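Notes follow once the structure below has been shown.
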Amino acid sequence: MDRKSIGTVLGVAGVVFWFSPLAYVNFMGTQAYQAGNHVGGIAYLLLFASLAYAAMSWTGQHVPRIIAASVALAISLMFLNQAGSTAAWGLYGLTAVSIVSILLAVQDNKASKAVF
């Protein structure tokens, strides 16, 4: 796979993880989970950052990719800090995808500058 495809897959993975369990909650004695659509508010920025990363990966805009992945990582770390021990696998996946996305975008940016 080329780097455009890998970046797009990372962006789509961020969207998929957004719909996954982010935190487990105890609601009236029953164990439930919160996904990104249950959290609302700033969680939608996390969704849009993942979508933007996927789109900009395909168009080859590396600096905005770095910004979008950094925003996604910051929000993921904020949620991880708030969730604490109740964090679920979707939040860990979002954090990992964001870190890999930043690293890939930085490498692509360096490679594009080396060519010119």
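None of the values given here were measured: they were computed from a predicted structure.
The shortest non-hydrogen separation linking Phe19 to Ala35 is O-CB, 3.7 Å. The minimum heavy-atom distance between Ala68 and Ala52, with the atom names listed, is CB-CB, 4.5 Å. Closest approach of Gly84 and Tyr92 over heavy atoms only: O-OH, 4.5 Å.
Distance check, rounded to the nearest 0.5 Å: CG of Leu10 to CD1 of Ile102 gives 11.5 Å. With rounding to the nearest 0.5 Å, the separation of CG in Leu46 from CG in Leu22 is 7.5 Å. Distance check: Thr95 OG1 to Ile75 CD1 gives 11.0 Å after rounding to the nearest 0.5 Å. With rounding to the nearest 0.5 Å, the separation of CG in Asn81 from OG in Ser76 is 12.5 Å. In this structure, NE2 in His62 is found 9.0 Å from CG in Leu104, a value given to the nearest 0.5 Å. In this structure, CE in Met56 is found 10.0 Å from CG in Leu51, a value given to the nearest 0.5 Å.
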Derivation of the side chain to side chain contact (heavy atoms under 4.5 Å, CB included) call for Ile42 and Phe79: CA-CA 10 Å; Ile42 198 165; Phe79 284 159; 3.6 Å; yes
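Under the 4.5 Å side-chain heavy-atom criterion for ILVMFWY residues, a single connected hydrophobic cluster contains both Leu91 and Val39. Linking Ile, Leu, Val, Met, Phe, Trp and Tyr whenever their side-chain heavy atoms come within less than 4.5 Å puts Val71 and Met78 in one cluster.
For the side-chain contact (heavy atoms from CB on, under 4.5 Å) criterion with Val15, the lone passing option out of Leu47, Leu94, Val97 is Leu47.
Val106 is listed as a side-chain neighbour of Ile66, based on a closest heavy-atom distance under 4.5 Å. Side-chain contact between Ser5 and Trp58 is present, with heavy atoms from C-beta onward closer than 4.5 Å.
Under the 3.5 Å distance criterion, with hydrogens and angles disregarded, no donor-acceptor pair is assigned to the side chains of Arg65 and Ser101.
Aromatic ring pairs are classed by plane angle as parallel below 30°, tilted from 30° to 60° and perpendicular above 60°; the pair Trp18 and Tyr44 is tilted.
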